[in-house]
Amino acid sequence: MMDKQFTAAAEEPHWRAVWERLEIGHANPDSDRPAFSMALPPPNITGRLHLGHATNGALQDALARFHRMRGAEVCWVPGTDHAAIATQNVIERQLAEEGTTKEAIGREAFDARVAAWYAMVQGEILEQLRRLGTTCDWSRARFTLDDAYVRAIRLVFRTLFDQGLIYRGPRIVNWCPRCRSAISDEEVDFREHHDTFYFVRYAAADGGPDGITIATARPETIPADVAVAVNPLDPRSAGQVGRLVLEPLTGRPIPVIADPLVRVDVGTGALKITPGHAPDDYEIGQRHGLPVRSAIDLDGRMRTPELPELDGRPVEEGRTLAVERLRASGAMEREEPLVHMVGHCDRCGTVIEPLVTPQWWCRMSELAEPAARVVRDGTIRFHPARFADEYLDWLDGLRDWCVSRQLWLGHRVPVSTCANGHVFSWVEEPASCPTCGAVELEHDPDVLDTWFSSALWPFAILGWPDATPELGRFYPTAVLSTARGILRLWVARMVITGLRFTDAVPFHDVCIHATVLAPDGQVMSKSRGNGVDPLAMVDRHGADAVRAWAAQIAMGTQDTRFDERRIESLARFANKLWNMTRLLWTSLPRDSDDRIRLAPPPVPEALELADRWILARCAQVTDRVTSAFEQFDLSEAITTLYDFSWGEVADWYWELVKERLATDPAAGWVASQVLRTTLTLLHPIMPFVTDACASRFAEQPATLDLAAWPSPPRDWADGQAVAAMTHVIDCTRALRSELQDAIGAARSVRSGPMAAVRLRHGDPVLLAEPARGYVARMAGITWRDGADAGDGGRALVVGASELEWTPLTENAAGPDPEQLQRELARVDAYAAGLGAKLAGPFASRAPAAVVDRERGKLAEADRRARALREQLAAAGAPGTVAPGSGPDR
RNA sequence: GGGCGAAUAGCUCAGUGGGAGAGCGCCUCGCUUACACCGAGGAUGUCGCAGGUUCGAGUCCUGCUUCGCCCA
């Protein structure tokens, strides 16, 4: 039995089971097939997958299946990322909802919570990926906290440490007072703030009248000021440099210095220098050998013992109090509204407090250069290509990477300090100091940036540093597909570590897929509550529809608003494919397993026009789809297949071949070939419905993944058949339109032909049998021969043919003279335009083929105009009744 | 402030120098033995604005406007 509808919910579990039983996704390093490998970007273990994950999963799976069907040994390694800071935040939020904190429950209980969370969410995420039908190599799934993975991280760290590329030192960092941790520059999210710009006068230290006025948004950091800076090129700065002025809250004398970083067009052109609380100021301070003072503590509170009323207050209160003091003392000259960008922690949204703390740093300049080179020389290609520029911009002038975090969760920094002060890095934690043998060792308390471990993903998942068969066979990987947002955080760093530790690029092609926005154009996010659950879409419309939608939008140039109607239309497409199969299944002979028996290939003479046409089109579509997959253009692939399947195979070929199926084995063979080819081409994108349909045929592999990628015989190409059928379709459409206008054609298709049609002029070959029969059936007309011109039939110009038709029903409306007149005016104007164009420089300058085409159009327009005039004349003559207007004539 | 991208039908979007398209929605018609999750036909556009290049521009260039993203 085949139901009238494709039921995704019923078919999907079956096919997932088939694929898993056959271990479709399992990669065999010992095979002699060419390798195609991908590392699935490991989702953060922070919750369920969102549409972005689904999109990327569908895209990668389509590539995996395509290459597998083309004969590659595909290795697609899935996994999950422990996401230290993100996961810790999730757990902390849960604890907060329970009215407790991680400090209250303690390390041990916290670790247990995390372990339970990981166990639960990891299974959930992998299950979600399965539901989409992805063929990852589940046996190789990795987690960034796996022992082997941890070993790789430590080896990388130790190597960089021993090479002096990782060092520890106090520098200004992006400090999140809520996470109580440093974060890297890339994890700072800038948002617009509407604050106040305070203009504060710093009095001259010598008591003179000429102080200096600075502008600041952060008056609470004034107690940490160590200088006032002006731009040396600023004329206003003349005579200022070298003076001492008084910091206005505590009255400390500080120098006025000159630095080119100071912008003359902002504020007063004088900048207070607070190296302890501003990155630019830190840089200026370093340049001038200035001390670092601090006024804010790690908990985001004021630390100003010299100003007891501010001391211990939250920063916002500190600001308010500082402003009050400055107003009271008269140092506040004026206040202006200020719109500026303020850094926030991209995980918890808290305002970042730049602070100077000791952290672990990775020197980037030396590492960045080779990573830039491999993109410049094309070893790594970005899709779309413009993302290469963004990548290169970031590598240029990169600051050192803060790799340490002060979290409870994550990989501990593999460094110990012995009682004698020897600092060393290790892979297996040693019992004693390798330098002095001291056994009292202190393990560094910090953990590593999550992205430090992610940076090793492509080779660490394949077993590095061991020379595993997988590493030798599947590394470098072929394609990395990911979202734009983590180009810097992740993609660039993978290239850096890949080159440093494997002497190879980690992947050759980087696909950056579009971001899915909410229907209102906003970014989807949990806090906005406008997210869409991909599995809800799978439940509602089927995994194939979701995947095909992903293929449509994934590589677009622009982010796309989520539109469920697009998924719906693709679900209908799955149903269409199912019913196309159903037609063959109900019409063709079946074997004992109820599968469509395959007829032997017919001799070429047994093929008629429609057969040759659809085979030729099938070959063209195969070429186009294949090259689209090669270029990662899945949108082109799915669009081409959708249009071909529905608009050509179903709408035309299926309609024409229906009646022949029972009697003509050649028709059954062609229909089967075309459908199976189409299903095979669609399989990478819509694996469920295509397998469900293909399995209705005999002599099919258990799944299309095991089928060879189609490569139609050369002799399927047939330009003449394509041209002839195109004309058949054009004629059919024109007649349908004309007849429906005049008669209401659809009403009486079954009651016999509605019009008699004669070919008045044109290429008789184009409308020879069987083409004439096609038009007759599809348009509901009958052909009439003979040269009985001038009998009053209505003319209809279609391309090179001029037809003449007379209605065979009584209710035919005559042509509406007004409408004819309008149409004539339109055609005349069109022809006049073409004529002018052809009379001008176009004729001599444009390519001959283009000119010919335009000439053809003009000829057709002229014929059409003539036909319209003829009809107008007939309609305009009173008493003229079209002869032959009755069916019983 | 710098960079990138986008602007096409009521909505969501394709369209990579040569006759403006799809899906949804809308109108008319048809429950036809694959599919009503269907079929036939139809209406709907200053391709953001202004210049330029070209025989020819939705498409290439410049400027502007608006929106989005990234960076500072």
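The chains referred to below are lettered A, B, ... by the order of the sequence lines, with proteins before strands, and numbering in each begins at 1.
Judged as a side-chain hydrogen bond (donor to acceptor under 3.5 Å, both in side chains), and not counting sequence neighbours, the contacts of A:Arg263 are A:Asp265. A search for ring pair (Phe, Tyr, Trp, His ring centres under 6.0 Å) contacts involving A:His541 returns nothing, not counting sequence neighbours. Evaluation of the side-chain hydrogen bond (donor to acceptor under 3.5 Å, both in side chains) rule for A:Glu648 yields A:Arg617 as partners, not counting sequence neighbours. Considering only residues two or more places apart in sequence or on other chains, A:Gln522 meets the side chain to side chain contact (heavy atoms under 4.5 Å, CB included) condition with A:Asp520, A:Arg528, A:Asn530. Taking A:Glu655 as the reference, A:Lys658 meet the side-chain hydrogen bond (donor to acceptor under 3.5 Å, both in side chains) condition, with sequence neighbours excluded. Every residue two or more places apart in sequence or in another chain was checked for a ring pair (Phe, Tyr, Trp, His ring centres under 6.0 Å) with A:Trp652, and none qualifies. Every ring pair (Phe, Tyr, Trp, His ring centres under 6.0 Å) that A:Phe573 has, sequence neighbours left out, goes to A:Tyr642. Partners of A:Arg822 under the side-chain hydrogen bond (donor to acceptor under 3.5 Å, both in side chains) rule, at least two apart in sequence or in another chain, do not exist in this structure.
Using P as the reference atom, B:C49 and B:C38 are 36 Å apart when rounded to the nearest Å. A gap of 8 Å separates the C1' atoms of B:G48 and B:U66, to the nearest Å. Remark: the separation of the C1' atoms in B:A43 and B:C29 is 15 Å, to the nearest Å. Atom P of B:G18 sits at a distance of 25 Å from the matching atom of B:C13, rounded to the whole Å. Atom P of B:C71 sits at a distance of 47 Å from the matching atom of B:C27, rounded to the whole Å. Straight-line distance between the P atoms of B:G39 and B:U33: roughly 15 Å, to the nearest whole Å. B:C24 and B:A40: their P atoms are spaced 12 Å apart (whole Å). Separating the P atom of B:A34 from that of B:U28 is a span of 28 Å, rounded to the nearest Å.
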Which atoms of nucleotides 6-9 of chain B (N or O only) lie under 3.5 Å from a protein N or O atom, and what are those distances?
residue	atom	partner	partner atom	Å
B:A6	O2'	A:Gln558	NE2	3.4

Check: protein-nucleotides 23-25 of chain B nitrogen or oxygen pairs below 3.5 Å:
residue	atom	partner	partner atom	Å
B:G23	O2'	A:Ser569	OG	3.4
B:G23	N2	A:Arg565	NH2	3.3
B:C24	OP1	A:Arg572	NH2	3.3
B:C24	O2	A:Arg565	NH1	3.3

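Contacts of A:Met2 with the nucleic acid, taken as non-hydrogen atoms under 4.0 Å apart, are absent. In this structure, A:Ser737 reaches the sugar-phosphate backbone alone: every heavy-atom distance under 4.0 Å involves primed, P, OP1 or OP2 atoms, never a base. Using a 4.0 Å heavy-atom cutoff across all strands shown, A:Phe190 reaches sugar-phosphate atoms only and no base atom. Heavy atoms of A:Thr560 sit under 4.0 angstrom from primed sugar atoms or phosphate atoms, though from no base atom. Counting any heavy atom pair closer than 4.0 Å across all strands shown, A:Ala650 reaches a base atom. A:Asp393 comes within contact range of no nucleotide atom at all, as no heavy-atom separation falls under 4.0 Å.
The phosphate of B:G41 (OP1 or OP2) has a side-chain N or O of A:Arg736 nearer than 4.0 angstrom. Distances shown here put every side-chain N or O of A:Lys4 at or beyond 4.0 Å from the OP1 or OP2 atom of B:C37.
Residues of residues 828-835 of chain A having a heavy atom closer than 4.0 Å to RNA chain B, listed by number: A:Tyr830.
Between A:His340 and A:His193, the ring-plane angle classifies as perpendicular under the 30° and 60° cut-offs.
Distance from the side chain of A:Leu583 is smallest to B:A34 among B:A34, B:C70, B:C35. Checking B:A34, B:C70, B:G39 against the side-chain heavy atoms of A:Trp646 singles out B:G39 as nearest. When each of B:A34, B:C13, B:G41 is scored by its nearest atom to the side-chain atoms of A:Gln740, the top-ranked nucleotide is B:G41.
In the interface, the side chain of A:Gln5 is not paired with the base of B:A34 through any donor and acceptor atom under 3.5 Å apart. Contact annotation: side chain of A:Lys576 to base of B:C35, donor-acceptor pair present below 3.5 Å.
Listed by first and then second residue, the salt bridge (Lys or Arg N to Asp or Glu O under 4.0 Å) pairs involving residues 565-581 of chain A are A:Asp563-A:Arg565 (not counting sequence neighbours).
Within 6.0 Å of atom CZ in A:Arg287, more than 12 heavy atoms from other residues, nucleotides or ligands are found, so the atom counts as buried in its surroundings.
Inspection of the A:Trp394 and A:Glu186 side chains reveals an N or O donor paired with an N or O acceptor under 3.5 Å.
Note on A:Arg864 versus A:Glu860: salt bridge recorded, some NZ/NE/NH1/NH2 to OD/OE distance being below 4.0 Å.
Mapping A:Thr732 and A:Arg561 onto RNA chain B by nearest heavy atom places A:Arg561 at the nucleotide closer to the 5' end.
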